[in-house]
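Please read the structure below before turning to the comments.
Keep in mind that this is a model prediction, so the values were computed, not measured. Heads up: numbering here begins at 1 and tracks the sequence.
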Amino acid sequence: GRGQDAENGGSLAQFFEGELPGKIGTLLLLLVVARAGVYIPIPGVDRDAYQAAMEGQALFGYVDSLSGGSLSKLGIFSLGIIPYINASI
């Protein structure tokens with residue numbers, strides 16, 4: 001109970017006064033922005049032609065599954081960190 005919080009030197013109010021909640025909030029905001037960017041379409045790309053060209057290609061399906069299905073959505077953040085990971089290997 002409350003006696004234990006006082007014994008351990010911390011409380012919920014002290015937790016929210018620290019840096020960690022702000023950092024967690026920033027992380028959650030960045031995750032929301034990253035996921036929302038997947039659903040913003042890339043301008044100037046014919047989606048139907050793209051789907052027709054990629055249909056039935058096993059490698060595309062594999063890479064699409066690695067990107068969380070975002071490549072098939074043609075979003076502005078479709079590639080995510082995959083190019084960075086490939087460049088660092």
Side-chain angles (χ1 to χ4, degrees):
R2 298 190 82 113
Q4 280 183 320
D5 287 341
E7 290 173 11
N8 293 336
S11 70
L12 193 58
Q14 287 177 334
F15 171 74
F16 284 109
E17 290 174 2
E19 275 184 27
L20 188 59
K23 289 183 179 186
I24 291 173
T26 301
L27 174 69
L28 292 176
L29 178 67
L30 290 173
L31 285 172
V32 167
V33 168
R35 290 308 303 164
V38 169
Y39 295 100
I40 300 171
I42 298 172
V45 177
D46 184 6
R47 293 176 152 234
D48 296 328
Y50 180 76
Q51 292 288 37
M54 295 299 151
E55 193 171 292
Q57 293 195 13
L59 181 62
F60 174 74
Y62 177 69
V63 173
D64 189 40
S65 66
L66 286 178
S67 69
S70 64
L71 285 178
S72 59
K73 293 180 184 87
L74 286 172
I76 60 172
F77 294 164
S78 292
L79 293 177
I81 63 167
I82 291 175
Y84 173 75
I85 292 171
N86 289 339
S88 66
I89 291 178

> Does I24 share a hydrophobic cluster with L12, counting links as ILVMFWY side-chain heavy atoms below 4.5 Å and allowing steps through other members?
Replying inline: yes
- Message: Between I76 and V32, is there shared hydrophobic-cluster membership here, with clusters defined by ILVMFWY side-chain heavy atoms closer than 4.5 Å?
- Response: no
Distance-only, no hydrogens or angles: does the E55 side chain make a donor-acceptor pair with backbone N or O of A52 under 3.5 Å? no
Exercise. Are L29 and V38 connected in a single hydrophobic cluster, I mean Ile/Leu/Val/Met/Phe/Trp/Tyr linked by side-chain heavy atoms less than 4.5 Å apart?
Worked result: no
Rounded to the nearest 0.5 Å, the CZ atom of R35 sits from the CZ atom of F77 at a distance of 11.5 Å
Interatomic distance, CD1@I42 vs CZ@R47, rounded to 0.5 Å, equals 8.0 Å
Taking everything shown except Y62 itself, do over 12 heavy atoms lie less than 6.0 Å from its OH?
-> no
Notebook entry, point to check: Hey, quick one: are L30 and Y39 part of the same hydrophobic cluster, counting side-chain heavy atoms closer than 4.5 Å, chains of contacts allowed?
Noted result: no
